[in-house]
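Here the structure is laid out as C-alpha cells; the discussion comes afterwards.
Because the structure is a prediction, the values reported are computed rather than measured.
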Amino acid sequence: MMDEKLLKPYDPKETEDRIYKLWEESGYFNPDNLPVAKIKNLKLKIKNFCIAIPPPNITGTLHMGHALNAVIQDILIRKKRMEGYKTLWLPGTDHAGIATQNIVEKELKKQGLTRHDLGKEKFIKRVWEWKEKYGNIILDQLKKLGASCDWSRARFTMDKEYVEAVETAFLHYYKKGWIYQGDRVVNWCKRCQTSLSDLELEYEETKGKLYFIKYPLKSQISNLKSQKYIVVATTRPETMLGDSAVAVNPKDKRYKNLIGKILILPIANREIPVIADSAVEMEFGTGAVKVTPAHDMLDFEISERHKLPIIKVINNYGKMTLRQAQGKQNKIIEELNGMPSKDAREKIVEDLKKQNLIEKIEDYDLRISKCYRCNSIIEPQISKQWFLKMKELSKMAIDIVKKGNVKFHPKKWEKVYFDWLKNIKDWCISRQIWWGHKIPLDGVDDVLDTWFSSALWSFATLGWPKKTKDMQEFYPTKVLSTARDIINLWVARMIFSSMELTKKKPFDKIIIHPTILTRDGKRMSKSLGTGIDPMILIEKYGADATRFGLIYQMMGGQDIHFSEDATMAGKKFANKLWNASRFVLMSTDKFITEYDHRRKNLTETDLAIIQSLISIKRSINNHINNYSFGHALHTFYDFFWYEFCDVYLEASKKQLEDKNLKENTQEILSYGLITSLTLLHPFMPFITEEIWELIPGKKNLLIIEKWPKL
RNA sequence: GGGCGCGUAGUUCAGCUGGUUAGAACGUACGGUUCACAUCCGUAAGGUCAGAGGUUCGAGUCCUCUCGCGCCCACCA
C-alpha cells in the first residue's frame, strides 16, 4: 500500500521539525548511544571521531558563514557516523568578552542607561540574561539547519567547569613564569576603555598630513654654524608634548655631529636629547624621529633602550593631560589641558606656525587602527597590563605544523599562520572590561582576553583539566573547520595552548572554509544591509535546500559569491528526489542495499546505471574525504538527475512491463534509490530521512544506516 | 613595503598531474508533456579561455611580464 504522504508534493516545513525530533529521540547524536558504543568485544578497536564546533559568539544570531561551517561539519559527522565511528560533534557558544559587553551596553543605552548606572554586579547579571536568550537562539538555529550535535554535551566558555579550566591554564603559565605584569604601550580603545591585542584591530586607509616640525638646538654648534634646529616629521603633532628625545639612525651621516646634543622641545619648552637608535629609518621623512614613549610602541621600545622618561600627555578618554608635559608653565599648555587630542592638534600646529617652527606640511596616506568591536580610533597608550610570554609557545605551535602533525586545508593558510607566529610579540591577556573571566589573583579587577578562554575550547569542552572519559576517547579531535580571519586569533592560540597544557595537539586537520560574499563579491554585513539571513532561506526553501545551496557553490577554496539561485535549485532538487522516490516506491517494494552486477540478464541500461553507481560511490567518498564538498554534491546531482531519473527511470517504465526484466528492474530501482539516499544523506539529511521512513524493509534510521560499500 | 588569490559563454562557476571539435547550472529562444515530477522533458544560440611573449609535437592548463579586481600582513614616525 502506498503511503498517503507520497501523494503530496514534498513540504520541508511539515517535515523538518518532525524529522529532527525523531533524531533527537533516537539519542544517536550522543556517541554513547550509538550501536558502536554497545560493542563489548574487546578485540574490536572502536574508532572515534570528534569535532568541537567553533563556538558562535552570543552577540547575535547565525550568519551565512556560520551556516556554511555548520553544514561542512555536519556532513563530516554524518558520514563518519554512518561509517560506524563513535562520533561526537560537540556544540557550544562563546561569551565573546568585549563584543557582548558592547551589545548589552547598546541595549541599555536605549533606556538611557550606561553600565556605570547599573554597577558591575547588576550589569553582569544583565549580560547573563542576554546569554540565556541569545545562546539558546543560536543553538536552535543550528538545529534548524539539521546540525547533528550532541546537545547533552553543549558548553559555554563561562560555565562553571570552563572557569576551572581557565584558572588552571592561567596558574599553569603563572607558575612557569610565563605570565608577567608590566607597563607597556598597548592599543587602547577610548570607547570600550580597555586594551586590545594587535589582532583585535581593524585598519583603515585615510588621507592625513605629515607635519615637518623644527626642534631648535639649545646651543649653536661650532663647526656647523648654519644648523639651528632639527626637523622631525610626524603625523601626530599633538603627541609632541610628550616627547622625551629625538632619535636618528647611528649610521646617518647627516646627524652624526648632533648625537648627544640638546634640543628645546617647542611649546613645552623642555630640554630633550638627540639619541641614536638603529630602529630609525634613514629614508623616511627627515631621518629624525620624535620619541614619544607613552603613546607609540616603537618609541616605547626606544625609550627602554635609552632609559628615557615616559611622559603621558593623552588620557584614557583621548583628552590632553599635561601636568607632566611642560618645562616652564605657559599659557598655551594651560589652554590645551583637557582638550580632546584632535582639537589640540590644530591648536598646536597653529601655534607652531606663529613661531615659524613648521617647515612644511605634506599630504600623507596613513593607516589608522580601529577597535574591531566598536570601530573607535585606537589611542596607543601606556598602561599596566598582563602579558603571556610567547617565545616557547609559538615555537611549539610552529613545530607541530611544520612536522605535518597538524595540517591546514588548503595548505596555503600555513603561511599566514607561520608568518604571524614567527614575529609574535608577547600576548597582552588583560582587558579592562567587566564581562569575562576574572584574572585569578587577588585584588585584580581586569578580566582575561576572551581568546584566552577560547584557546582552551578543544579540550576544556571535553572536561580538561579533569582526566575524563571523553578526554581519553575523543582527544585529540579530528577536524577543526573555521574561517580564515581567526587563524591567528583563535586557531594558533588553540594549538599552542593545547600543546603546552595537554601535551597533545588539539586536532589533526584544520579546514579553512570559503568566505561567503554577496553576489557582487562584497562583504556580507548586517549594517550595510548586504547580508542574507540563513534562517530566512530555511523558511523560504527548507533546510535541505539551504544546505544544498551553500555546498553546491563551494568549489575549491574560492570565496563564494552567494547566489540564492543555488538554494532554489536545491529546493527543485529536493522535489525531484521526492518524485523519483515516489516512482520507485510505487514500482517496487524490494529493499536492496547491495547488488551483484555480475549477474546475467541485464540490459545495457541496467549495466550502465550500475556502473555509474559504482563510480559515483567512489567519487563522492573521495571528494568528501578531500573536503571537496561542492564537487561531491555536483557529482551526486548530475548522476541522480541526468542518469538515474532522465535515463534509468524512463527506461524502467518499459522494462517493468516485460516479465523477464521486471524483477531485475525492480531490484535495480531499489538499489539505486537506497544507495542515492545514503550518499545524499550527509548533504540533505531531512528529506533523505523522510523518504527512508517510507521504504519498506528498512531496519534503522538512515542516520545510522551503513555508508555504501565501495 | 611584503604576501596570497582571482580574471573561462549574459550571470555564477567546473576544467585534476599540459593531449581529441573548451563544459555545467541559471538566464534567453523555440518546441513538447493526461502515463513520478510544469519545482517537468527536449532542442538551440552564446566564449580571440584578461593581454603580450616564451617552453612544447601540442597550453585555458607550465614560465616571464603587463593590465584589472579582491583579500591579508608590517613598529616608515
Side-chain angles (χ1 to χ4, degrees), chain A residues 2 6-7 9-10 185 198-199 201-203 208 210-213 232-237 239-240 243 246-247 249 279-292 295-302 364 366-367 369 380 410 412-420 422-423 425 484-485 487-488 514-515 517 519-523 541-542 545 552-566 568-587 622-623 626 628 630-631 634-635 637-638 641-642 645-646 649-650 652-654 657 669 673:
Chain A
M2 277 290 302
L6 287 179
L7 300 173
Y10 179 63
V185 173
D198 289 349
L199 293 176
L201 307 182
E202 265 167 21
Y203 302 100
L210 190 58
Y211 301 85
F212 291 76
I213 305 173
V232 298
T234 180
T235 55
R236 302 191 60 200
T239 63
M240 68 178 286
D243 286 0
V246 164
N249 192 297
V280 179
E281 296 279 337
M282 293 190 275
E283 292 77 24
F284 186 86
T286 60
V289 59
K290 60 195 263 326
V291 181
T292 319
H295 301 287
D296 184 281
M297 290 180 204
L298 178 65
D299 291 3
F300 179 80
E301 284 168 26
I302 293 176
Y364 188 68
L366 58 101
R367 200 181 62 148
S369 326
K412 64 173 179 181
W413 296 111
E414 274 183 4
K415 198 174 161 14
V416 173
Y417 174 85
F418 286 135
D419 285 352
W420 182 68
K422 269 187 238 159
N423 304 308
K425 289 190 282 186
R484 59 158 179 259
D485 47 332
I487 289 174
N488 295 325
T515 302
L517 306 170
R519 200 177 173 140
D520 316 321
K522 300 258 161 59
R523 186 169 272 277
Y541 305 103
Y552 199 75
Q553 294 182 78
M554 183 188 164
M555 304 303 288
Q558 240 22 71
D559 286 348
I560 295 171
H561 289 204
F562 187 83
S563 159
E564 213 169 305
D565 291 353
M568 217 177 315
K571 189 177 162 80
K572 284 186 185 179
F573 189 57
N575 198 60
K576 187 73 181 175
L577 181 71
W578 182 253
N579 281 304
S581 304
R582 273 176 63 189
F583 175 79
V584 173
L585 292 173
M586 283 190 287
S587 309
N622 289 341
H623 280 315
N626 295 328
S628 300
H631 283 99
H634 277 260
T635 302
Y637 182 94
D638 292 348
W641 201 305
Y642 305 116
C645 292
D646 287 355
L649 254 54
E650 289 308 322
S652 76
K653 288 171 189 170
K654 276 182 193 161
E657 283 166 21
L669 284 172
L673 178 67

Inset, instruction - Name all residues meeting the salt bridge (Lys or Arg N to Asp or Glu O under 4.0 Å) criterion together with A:Asp198; count only those two or more places apart in sequence or in a different chain, and write none if there are none. - result: A:Lys425
Inset, instruction - Describe the nucleic acid contact of A:Asp565 in one word from base, sugar-phosphate, nothing, applying a heavy-atom distance below 4.0 Å. - result: sugar-phosphate
Legend entry - Nucleotide paired to B:rU11 in any strand shown, Watson-Crick or G-U, under 3.5 Å: B:rA25
Legend entry - Complement of B:rC4, any strand, by Watson-Crick or G-U distances under 3.5 angstrom: B:rG70
Inset, instruction - Apply salt bridge (Lys or Arg N to Asp or Glu O under 4.0 Å) to A:Lys572 and list each qualifying residue two or more places apart in sequence or on a separate chain. - result: none
Inset, instruction - If a protein heavy atom is under 4.0 Å from the base, mark B; if only from the sugar-phosphate, S; if neither, -; do that for nucleotides 6-11 of chain B going 5' to 3'. - result: S----S
Legend entry - Opposite nucleotide pairing with B:rA52, Watson-Crick or G-U, both atom distances under 3.5 Å: B:rU64
Inset, instruction - Determine which nucleotide pairs with B:rA77, using a 3.5 Å limit on both distances of a Watson-Crick or G-U wobble pair. - result: none
Inset, instruction - Could you tell me which nucleotide pairs with B:rC40 by Watson-Crick or G-U wobble geometry, both distances under 3.5 Å, or answer none if nothing does? - result: B:rG32
Which pairs, protein N/O on one side and nucleotides 21-23 of chain B N/O on the other, fall under 3.5 Å?
none

Inset, instruction - Go through the N and O atoms of the side chain of A:Glu650 and the base of B:rA36, and report whether any donor-acceptor pair is under 3.5 Å. - result: yes
Inset, instruction - State whether the side chain of A:Asn575 and the backbone N or O of A:Lys571 hold a donor-acceptor pair below 3.5 Å, judged by distance alone. - result: no
Inset, instruction - Using heavy atoms to find the nearest nucleotide of RNA chain B for A:Trp413 and A:Asp520 separately, return the residue whose nucleotide is more 5′. - result: A:Trp413
Inset, instruction - Ignoring backbone atoms, test whether A:His631 places a side-chain nitrogen or oxygen under 4.0 Å from the OP1 or OP2 oxygen of B:rA14. - result: no
Legend entry - A:Tyr637/A:Trp641 aromatic ring centres below 6.0 Å: yes
Inset, instruction - Please identify each residue that fulfils side chain to side chain contact (heavy atoms under 4.5 Å, CB included) with A:Phe284, with sequence neighbours left out. - result: A:Leu210, A:Glu281, A:Tyr364
Legend entry - Residue-phosphate contact under 4.0 Å: A:Trp641 side-chain N/O, B:rC41 OP1/OP2: yes
Inset, instruction - Taking atom C1' in both B:rG46 and B:rG51, compute the distance separating them and give it to the nearest angstrom. - result: 22 Å
Inset, instruction - Could you list the residues that satisfy salt bridge (Lys or Arg N to Asp or Glu O under 4.0 Å) with A:Glu414, not counting sequence neighbours? - result: A:Lys411
Inset, instruction - Taking side chain to side chain contact (heavy atoms under 4.5 Å, CB included) as the test, write out the residues that go with A:Glu564, two or more places apart. - result: A:Leu537, A:Lys540, A:Tyr541, A:Thr567
Legend entry - A:Phe573 or A:Tyr642, whichever maps to the more 5' nucleotide of RNA chain B: A:Tyr642
Legend entry - Quiz item: A:Arg236 side-chain donor-acceptor pair to B:rA77 base, under 3.5 Å: no
Legend entry - With A:Asp243 via salt bridge (Lys or Arg N to Asp or Glu O under 4.0 Å) - residues at least two apart: A:Lys290
Inset, instruction - Go ahead and name the base partner of B:rC57; Watson-Crick or wobble counts if both distances stay under 3.5 Å, otherwise write none. - result: B:rG19
Legend entry - Those residues that, when tested against A:Phe212, pass ring-ring contact (aromatic ring centres under 6.0 Å, His included) (two or more places apart): none
Legend entry - Side-chain heavy atoms of A:Glu202 within contact of A:Ser369, under 4.5 Å: no
Legend entry - Donor-acceptor pair (no angle test) under 3.5 Å: A:Lys412 side chain, B:rC4 base: no
Inset, instruction - Quote, to the nearest angstrom, the P distance that separates B:rU48 from B:rG54. - result: 22 Å
Inset, instruction - Answer syn or anti for B:rG46, where the cut-off is 90° from 0 on the glycosidic torsion. - result: syn
Legend entry - Nearest-Å distance once atom P is located in both B:rC26 and B:rC69: 32 Å
